[in-house]
Asker: 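Handing you a structure now.
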Amino acid sequence: MDERFNKWLLTPVLTLLFLIIMYQYVSPTCTSSCTNFGDKFHAGESGQVAAAPAGPREDQQQPPLRDQGAERGHAAQLAGPAQETEEEFEELEEEEEEQDRESPDNGSLPKFVPRFNFSVKDLTRFVDFNIKGRDVIVFLHIQKTGGTTFGRHLVKNIRLEQPCSCKPGQKKCTCHRPGKKETWLFSRFSTGWSCGLHADWTELTNCVPAIMEKKDCPRNHSRTRNFYYITMLRDPVSRYLSEWKHVQRGATWKTSLHMCDGRSPTPDELPTCYPGDDWSGVSLREFMDCGYNLANNRQVRMLADLSLVGCYNLTFMNESERNMILLQSAKNNLKNMAFFGLTEFQRKTQFLFERTFNLKFISPFTQFNITRASNVEINEGARQRIEELNFLDMQLYEYAKDLFLQRYHHTKQQEHQRDRQKRREERRLLKEHRAHRWQKEDETAVTEDYNSQVVRW
């Protein structure tokens, strides 16, 4: 009687034990989901959904699974590969859903609202810069726009196969192409002021090709050359105050050529604002009162084609027509440049330059919020007067800032889409790999079962 009762009791106990083991390994994710179910339920009663427990960080190693016994080893081997693959999928999904910190849709930053309509061609900037060929980057350096700092980045901070050679005590660096004695950069710190001190767009476009042909080898003259113009812009009020402080310390730039249509302006066309050698100690009011001060609307003048308005001959056309042509010319030239940056956005400037030319900087750019201009305290009346004197620069900067930020966000969005496409392709390959691995395991299992049957027979 006791033996029959024990046999009758043993059968359901073994069956129940087998079901528990199979349930535990057929559904390996139930542990976390079942334990969280109660938490979600309780949180739902209070009107809030409980947050899922955070997964392990990438730099933290997960503890190994404990050995559950030899009788369950084969089941664990079957569940292991699938679980690892699913974790890889989850990591890719999390990366895809991670929000871009600098995206305009990120709630942590104010959303950028474009004001100007630009085409995709205007926003897409990628230059197939061939540093080993004949391509040249030409830096148009506008005074007090952070051009000195940016110019040093170009010769000292770009990761190149053959870096620029900058010797101590020398202002210029040697920036040769790999394996050649030809320069790929036309700037203050590489070729010096070869077209004149702070040459503008009108001067550079007429001067640079001839200068580069003289420096180049005669055998290369038949090959085409691409010139990629770049520049930096700055908030007009800050730039104007910075130039005033610079002139106050003795700077004049009086050796600038201002070449236009093959000649420099006459003293009547471009009078000076001071009688002596320099304008040291000039007050802000005196600086603003000079009607011939080239600091007024300097950025527009240096980016426009001055030959369209008779160069420095103010009697060539009326003032309103001249201003309109200058502003439109500056906008067009700026838009068609290979690249321009803004002093107020150093990191974004670095980002766009690297994506435009496919060149990488060694060290990140630094945003200096405290400058000589920021230390100048002016009242609202003086600020308004500066804005009036630079009304063309104010319009140009508004246009430039909008184009710059649109390009930045467009480039970030394009990168994000490429990254998503790459992750989708990786997921597809992982799924194919998982399916192939499972198929091989099933074939192996069938072969083992058949072999075991043959041994029994």
Side-chain angles (χ1 to χ4, degrees), residues 118 122-123 125 127 129 135-155 157-158 184-209 211 226-236 238-240 242-243 253 256 258-259 294-295 297-306 326-346 348-357 359 361 365 390 392-408:
F118 295 105
D122 296 332
L123 300 180
R125 274 294 178 271
V127 171
F129 180 65
D135 295 350
V136 178
I137 295 177
V138 183
F139 180 35
L140 195 164
H141 186 172
I142 302 175
Q143 290 94 318
K144 313 314 296 180
T145 58
T148 300
T149 300
F150 185 76
R152 289 197 179 103
H153 281 305
L154 294 177
V155 298
N157 194 26
I158 297 182
W184 56 269
L185 176 64
F186 193 98
S187 72
R188 167 189 176 182
F189 293 116
S190 58
T191 56
W193 302 113
S194 300
C195 291
L197 180 62
H198 285 285
D200 55 31
W201 189 91
T202 306
E203 294 175 288
L204 288 177
T205 53
N206 288 279
C207 169
V208 171
I211 293 292
N226 296 315
F227 295 100
Y228 298 108
Y229 288 84
I230 64 175
T231 192
M232 291 288 293
L233 295 182
R234 187 180 181 183
D235 169 71
S238 298
R239 199 212 65 80
Y240 189 86
S242 182
E243 180 167 341
W253 300 301
S256 297
H258 303 297
M259 292 291 292
L294 291 179
N297 296 310
R298 181 181 288 278
Q299 296 180 102
V300 166
R301 179 183 60 79
M302 293 191 66
L303 290 174
D305 184 358
L306 298 181
L326 284 175
L327 179 60
Q328 190 59 45
S329 176
K331 286 182 177 180
N332 291 337
N333 291 336
L334 183 71
K335 181 179 66 175
N336 295 325
M337 278 185 170
F339 163 83
F340 72 89
L342 298 182
T343 308
E344 290 76 18
F345 299 95
Q346 291 292 320
K348 290 180 174 63
T349 294
Q350 176 182 355
F351 173 85
L352 286 178
F353 182 91
E354 291 179 338
R355 270 58 177 185
T356 300
F357 289 97
L359 296 172
F361 289 100
F365 286 15
N390 294 272
L392 295 178
D393 273 10
M394 295 295 294
Q395 296 177 68
L396 175 65
Y397 186 78
E398 180 184 15
Y399 175 89
K401 183 178 179 180
D402 194 86
L403 176 57
F404 177 84
L405 293 177
Q406 284 198 50
R407 281 181 178 174
Y408 173 78

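Every heavy atom of this structure was used, including side-chain atoms; hydrogens, water molecules and symmetry mates were not.
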Asker: Considering all heavy atoms of both residues, which atom of Ala199 and which atom of Met302 are nearest to each other, and what is their separation?
Answerer: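 Looking at all heavy atoms of both residues, the closest pair is O-CE, 4.0 Å.
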Asker: Nearest 0.5 angstrom please: Leu140 CG to Thr145 OG1, how far?
Answerer: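 Going from the CG atom of Leu140 to the OG1 atom of Thr145 covers 9.0 Å.
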Asker: Looking at Trp193, is its backbone amide N or carbonyl O close enough to the side chain of Arg188 to form a donor-acceptor pair, meaning the two atoms are under 3.5 Å apart?
Answerer: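 Side chain of Arg188 to backbone of Trp193: no pair is present.
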Asker: Are the side chains of Arg234 and Ser242 in touch, meaning some heavy atoms are under 4.5 Å apart?
Answerer: yes
Asker: Taking atom types as modelled, is there a side-chain donor on Asn390 or Asn297 under 3.5 Å from an acceptor on the other?
Answerer: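 Checked: Asn390/Asn297 side chains show no N/O donor-acceptor pair below 3.5 Å.
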Asker: Return yes if a side-chain donor-acceptor contact under 3.5 Å exists between Tyr397 and Glu344, otherwise no.
Answerer: yes
Asker: For the pair Arg125 (side chain) and Arg355 (backbone), establish whether a donor and an acceptor sit closer than 3.5 Å, ignoring hydrogens and angles.
Answerer: no
Asker: Less than 4.5 Å apart, any side-chain heavy atom of Trp201 and any of Met337?
Answerer: yes
Asker: May I ask you to check whether Phe186 and Phe227 place their ring centers less than 6.0 Å from one another?
Answerer: no
Asker: Would you please test Ile137 and Ile230 for side-chain contact (heavy atoms from CB on, under 4.5 Å) and show each step?
Answerer: CA-CA 7 Å; Ile137 295 177; Ile230 64 175; 3.6 Å; yes
Asker: Measure from the side-chain N and O atoms of Ser194 to the backbone N and O of Val208, and report whether any donor-acceptor pair falls under 3.5 Å.
Answerer: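 Judged by distance alone, no pair lies under 3.5 Å.
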Asker: Where do Ile142 and Leu233 come nearest, in terms of heavy atoms and distance?
Answerer: CD1-CD2, 3.9 Å
Asker: Sub-3.5 Å donor-acceptor pair from the side chain of Arg239 to the main-chain atoms of Gln143, do we have one?
Answerer: yes
Asker: Is it true that Gln346 and Gln350 share a donor-acceptor pair across their side chains at a distance under 3.5 Å?
Answerer: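 The answer is no; no qualifying pair exists.
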Asker: Tell me yes or no: between the side chains of Thr356 and Arg407, is some donor less than 3.5 Å from an acceptor?
Answerer: no
Asker: Between Phe118 and Tyr399, does the ring pair (Phe, Tyr, Trp, His ring centres under 6.0 Å) criterion hold? Intermediate values first, please.
Answerer: CA-CA 11 Å; Phe118 295 105; Tyr399 175 89; 5.4 Å; yes
Asker: Please determine whether side-chain contact (heavy atoms from CB on, under 4.5 Å) holds for the pair Asn206 and Met259, giving the CA-CA distance in whole Å, both sets of side-chain angles, and the decisive distance to 0.1 Å.
Answerer: CA-CA 9 Å; Asn206 288 279; Met259 292 291 292; over 6 Å; no
Asker: Would the distance check show the side chain of Thr231 and the main-chain N or O of Phe340 forming a donor-acceptor pair, the cut-off being under 3.5 Å?
Answerer: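 No.
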Asker: For Cys195 versus Leu204, what's the shortest heavy-atom pair and its separation?
Answerer: CB-CD2, 4.0 Å
Asker: Do side-chain atoms of Asn332 reach the backbone of Gln328 as a donor and acceptor pair under 3.5 angstrom?
Answerer: yes
Asker: Main chain of Arg298, side chain of Asp393: is a donor-acceptor contact present, judged purely on distance under 3.5 Å?
Answerer: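 Flag set: sc Asp393 to bb Arg298 pair under 3.5 Å.
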Asker: Restricting to non-hydrogen atoms, name the atom on Thr343 and the atom on Met232 that form the minimum distance, rounded to 0.1 Å.
Answerer: N-CE, 3.8 Å
Asker: For Phe361 and Phe353, I'd like to know if the aromatic rings sit close, meaning centre-to-centre distance below 6.0 Å.
Answerer: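 Ring-ring flag for Phe361/Phe353: true, centres closer than 6.0 Å.
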Asker: Is Val138 close to Leu185 at the side-chain level, that is, under 4.5 Å between some pair of heavy atoms?
Answerer: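 SC-SC contact between Leu185 and Val138 ruled out.
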Asker: Nearest 0.5 Å please: distance from the CG atom of Leu303 over to the CG atom of Leu334.
Answerer: 6.0 Å
Asker: Are any non-hydrogen side-chain atoms of Lys335 and Leu403 less than 4.5 angstrom apart?
Answerer: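 Yes - at least one pair of side-chain heavy atoms lies under 4.5 Å apart.
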Asker: Take Leu342 and Lys348 through the side-chain contact (heavy atoms from CB on, under 4.5 Å) test and state the conclusion after the steps.
Answerer: CA-CA 8 Å; Leu342 298 182; Lys348 290 180 174 63; over 6 Å; no
Asker: With rounding to the nearest 0.5 angstrom, report the OG1 to CG distance, Thr205 to Asp200.
Answerer: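 If we round to the nearest 0.5 Å, Thr205:OG1 and Asp200:CG are 8.0 Å apart.
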Asker: Between Tyr408 and Phe351 (judged by ring centroids, cut-off 6.0 Å), do the two rings come close enough to count as a pair?
Answerer: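 Centroid separation for Tyr408 and Phe351: below 6.0 Å.
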Asker: Which atoms form the tightest heavy-atom contact between Ser187 and Phe139, and what is the distance?
Answerer: CB-CB, 3.9 Å
Asker: Decide yes or no for Phe357 and Ile158: does some side-chain heavy atom of the first lie under 4.5 Å from some side-chain heavy atom of the second?
Answerer: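 Contact flag for Phe357/Ile158 side chains = no.
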Asker: Are the side chains of Met394 and Gln299 in touch, meaning some heavy atoms are under 4.5 Å apart?
Answerer: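 No, every pair of side-chain atoms sits at 4.5 Å or beyond.
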Asker: Taking the ring of Phe150 and the ring of Phe189, is the distance between their centroids below 6.0 Å?
Answerer: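 For Phe189 and Phe150, the ring centres are not under 6.0 Å apart.
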Asker: Ignoring hydrogens, what is the shortest heavy-atom contact between Leu352 and Phe404? Give both atom names and the distance.
Answerer: CD1-CE1, 3.5 Å
Asker: Step by step, work out the side-chain contact (heavy atoms from CB on, under 4.5 Å) result for Arg301 and His258.
Answerer: CA-CA 11 Å; Arg301 179 183 60 79; His258 303 297; 4.0 Å; yes
Asker: Between His141 and Thr148, is there a side-chain heavy-atom distance shorter than 4.5 Å?
Answerer: yes
Asker: With a 3.5 Å distance limit and no angle check, can you tell me whether Ser329 reaches the backbone of Leu326 through a side-chain donor-acceptor pair?
Answerer: no
Asker: So do the side chains of Trp253 and Glu243 get within less than 4.5 Å of each other, counting heavy atoms only?
Answerer: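 Result yes, sub-4.5 Å side-chain heavy-atom pair found.
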